[in-house]
Amino acid sequence: MRILVLESSTTSAKAMLYSSREGILRSCAQAYSPEHNRNGMQDADYVLAETLRMGREAAAGGPVDMITVGGVWHSVLCCARKTMEAVTPVYSWSYTGAAEFTRKLRQDRAYTLDYYRRCGCMPHVTYSPFKLMYLRQAEGLDLSDKFCCEQSAYNYYHLTGQCASSASTASGGGLINLRTMDYDGETRKELGLSLDQLPELRTYREPLPLSGKGAAALGLKSGIPVLPPMPDGGLNQAGAAALDPGGPMTLSVGTSAALRRTMDRPVLSGPPSTWCYLSPENTYISGAATAGACNCLDWALERFFPAGTTHAQAQEAPVPPEELPTFLPFLFGERCPGWRDDRPASLPGLRGFHGSSHLYYGVMQGILFNLYQCYQTLCGLSGVPETIKLSGGILRAPVWVQMCCDVFGHDMECPDLEQASMLGAAALALEAGGALASSRDFPQPPQTVVHYQPEAHRRYEQAYQRYLSWYGRLQPGEERKEVAI
């Protein structure tokens, strides 16, 4: 069985052709051009076109038995209700224009907690309802004649002629009630949206046929089953064989970063510092995400080193943690644990002897400290995981991988392939097509285990305490406990 995987990620269009017998046959990726991807806003038709172009290259006109569609967990655009023509940009998770609006919303504690308990999300620029509320208030956007969807659902419409999504994708967008596993009625009412203004929710076992228009765009025959959109974070769980409740924790460090663990019930923290979404199998994923990761490291490379310097060159001279300045990695606002989308980044503790390597390694360390904060909260909710599986762009930097293990004080499994989400999409498709009894039977890529160094962990713990003192958010004696659903 041959699966064509299409994915519109935060920064690039991707495609993979996967064979149940031979594994990955072809893989293609193309970074978005800056003019179509700036300030957290993207051109929906450009992203669609690039994704289809990658799909044509990966498929190369050969036989394809099934197509999957993936995308980021948090994006929204508005289309004309009658024509499905995009009338707004796509607002991704990195769009921060609504930060002041959501900050004021969070001052209403009762409103915030009620929404958190219902949907597992916070009033925050990450989530679709609050982008839409802000655009309605600030720019006069009239939603009454609009159809609202994610980029991946928009792609799906152009492939099948029907706009559908999954509860897992919509959950990460902040639109799903954790108890009903359907669109949250109170949120829809607040937005003034009817069900026919939102994508139909389908499971990965409910594909629709590839339309003639979609077939022409991909250079394939029509009628091929197309699985409804699934989110990259949920697909990462499938690709890492982490869909069993209470199983491994995944740590994905790419443009942004996230920790995830599958649970058999909704798990939320009190006070709110984590999130909970539906998984592709409609179990639950308890997790935490940060807005700053490789995007912060790219920023550091550009500003602290001469033009043309590579990350590998910047990482050639490691600096011990006690010599590093503290970096609060909120260049793109804060998601977890504080949910302050208006929070700025900072480099406290900066001294005259600090050079470019100190600053660069300080940024690497600060990104991991933010994740370690989230990890400690998640462990308080669901226990310390036996296994952590690391994926994403961090795998291209062995020095950073070792630092990550040392900061966490935990060995980590690192697959020899970065694209866990695309492999997860292939796994679900093989199950849906009957080639696998379960996606859990999907063959795992070779794993390299990186062991943490106890002495290094102790040194990073001291630096982490300095980070917490500068962060200044966690109050002494504050309990991290579950919120009742």
Side-chain angles (χ1 to χ4, degrees), residues 72-74 93 102 106 109 111-130 150 165-187 201 203 230-238 240 242-252 256-291 334-339 341 371 373-385 388 424 479-485:
V72 296
W73 229 327
H74 324 289
W93 61 266
T102 53
R106 290 192 299 274
R109 188 68 173 169
Y111 174 89
T112 295
L113 288 176
D114 184 49
Y115 176 71
Y116 186 62
R117 291 187 179 106
R118 293 197 326 268
C119 300
C121 308
M122 285 283 284
H124 190 273
V125 293
T126 297
Y127 299 112
S128 301
F130 307 104
E150 316 91 9
S165 188
S166 61
S168 181
T169 298
S171 179
L175 291 164
I176 296 294
N177 186 298
L178 293 176
R179 289 169 292 200
T180 66
M181 298 188 179
D182 203 347
Y183 286 117
D184 181 62
E186 292 186 46
T187 302
L201 299 180
T203 73
M230 290 290 163
D232 52 3
L235 293 173
N236 188 285
Q237 294 296 101
L243 283 176
D244 286 327
M249 179 180 285
T250 61
L251 170 54
S252 177
S256 58
L259 293 138
R260 311 178 188 95
R261 198 172 190 190
T262 305
M263 306 298 290
D264 59 4
R265 56 192 169 82
V267 176
L268 296 168
S269 61
S273 57
T274 61
W275 47 253
C276 187
Y277 310 146
L278 294 180
S279 78
E281 295 185 337
N282 284 3
T283 52
Y284 299 89
I285 298 178
S286 175
T290 65
E334 182 187 15
R335 290 161 83 178
C336 300
W339 291 113
D341 37 25
L371 286 166
Q373 261 185 295
C374 298
Y375 170 74
Q376 292 186 318
T377 300
L378 289 171
C379 288
L381 294 173
S382 57
V384 177
I388 299 177
E479 289 188 26
R480 295 291 172 183
K481 56 188 178 182
E482 294 183 21
V483 169
I485 300 298

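Fair warning: this is a prediction, and the values are worked out from it, not measured in the lab. When reading the values below, keep in mind they use all heavy atoms of this one structure, side chains included, and skip hydrogens, waters and symmetry mates.
- Between Leu175 and Cys119 there is no side-chain heavy-atom pair separated by less than 4.5 Å.
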Taking it one step at a time, do Tyr284 and Val267 satisfy side chain to side chain contact (heavy atoms under 4.5 Å, CB included)? CA-CA 8 Å; Tyr284 299 89; Val267 176; over 6 Å; no
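- His124 NE2 to Asp341 CG: the interatomic distance, rounded to the nearest 0.5 Å, is 4.0 Å.
- Considering only heavy atoms from C-beta on, Tyr183 comes within 4.5 Å of Ile176 through its side chain.
- Going from atom SG of Cys336 over to atom CD of Gln373 covers 10.0 Å, rounded to the nearest 0.5 Å.
- Residues Arg335 and Trp93 meet the side-chain proximity criterion, which asks for heavy atoms closer than 4.5 Å.
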task: Verify side-chain hydrogen bond (donor to acceptor under 3.5 Å, both in side chains) between Ser269 and Thr274, making sure each step is shown before the conclusion.
output: CA-CA 6 Å; Ser269 61; Thr274 61; 3.3 Å; yes
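- Counting only N and O atoms by type, the side chains of Glu150 and Thr169 include no donor and acceptor under 3.5 Å apart.
- Salt bridge status for Asp114 with Arg109: absent, with no side-chain N to carboxylate O gap under 4.0 Å.
- Closest heavy-atom contact between Pro231 and Ser168: CG-OG, 3.3 Å.
- Residues passing the ring-ring contact (aromatic ring centres under 6.0 Å, His included) test with Tyr115 are Phe130, sequence neighbours excluded.
- Shown here for Tyr277 and Cys121, the closest heavy-atom pair between the two residues is CE2-SG, 3.7 Å.
- The side-chain heavy atoms of Pro123 and Tyr111, taken from C-beta on, include a pair separated by under 4.5 Å.
- Between the CG atom in Leu378 and the CG atom in Leu259 there is a gap of 6.0 Å [rounded to 0.5 Å].
- No donor-acceptor pair under 3.5 Å is formed between the side chain of Asp244 and the backbone N or O of Gly247.
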| query | Would Cys276 and Leu178 count as a side chain to side chain contact (heavy atoms under 4.5 Å, CB included) if you check the C-alpha gap in whole Å, the side-chain angles of each, and the deciding distance to 0.1 Å? | reply | CA-CA 8 Å; Cys276 187; Leu178 293 176; 4.3 Å; yes
Evaluate side chain to side chain contact (heavy atoms under 4.5 Å, CB included) for Leu251 paired with Leu371, printing each intermediate quantity in order.
CA-CA 9 Å; Leu251 170 54; Leu371 286 166; 4.1 Å; yes
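- Two residues are said to be in side-chain contact when any heavy atoms from C-beta on lie closer than 4.5 Å; Cys379 and Pro385 meet this criterion.
- The shortest distance between side-chain heavy atoms of Tyr127 and Trp275 falls below 4.5 Å.
- Applying the side chain to side chain donor-acceptor pair (under 3.5 Å) test to Ser128 and every residue at least two apart in sequence or in another chain returns nothing.
- With contacts defined as side-chain heavy-atom distances shorter than 4.5 Å, the pair Thr262/Met249 does not qualify.
- With values rounded to the nearest 0.5 angstrom, His74 atom NE2 is found 7.5 Å from Ser256 atom OG.
- Side-chain atoms of Met263 and Pro266, non-hydrogen and from C-beta on, never get closer than 4.5 Å to each other.
- Put simply, the side chain of Thr283 never gets that close to the backbone of Ser279: no donor and acceptor are under 3.5 Å apart.
- Side-chain atoms of Thr250 and Arg261 include no donor-acceptor pair closer than 3.5 Å.
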Run Tyr375 and Val384 through side chain to side chain contact (heavy atoms under 4.5 Å, CB included) and show every step you take.
CA-CA 9 Å; Tyr375 170 74; Val384 177; 3.7 Å; yes
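- Taking CG of Leu381 as the start and OG of Ser273 as the end, the distance is 7.0 Å to the nearest 0.5 Å.
- To the nearest 0.5 angstrom, Leu268 atom CG is 7.5 Å from Ser286 atom OG.
- The closest donor-acceptor contact from the side chain of Arg106 to the backbone of Trp339 lies under 3.5 Å.
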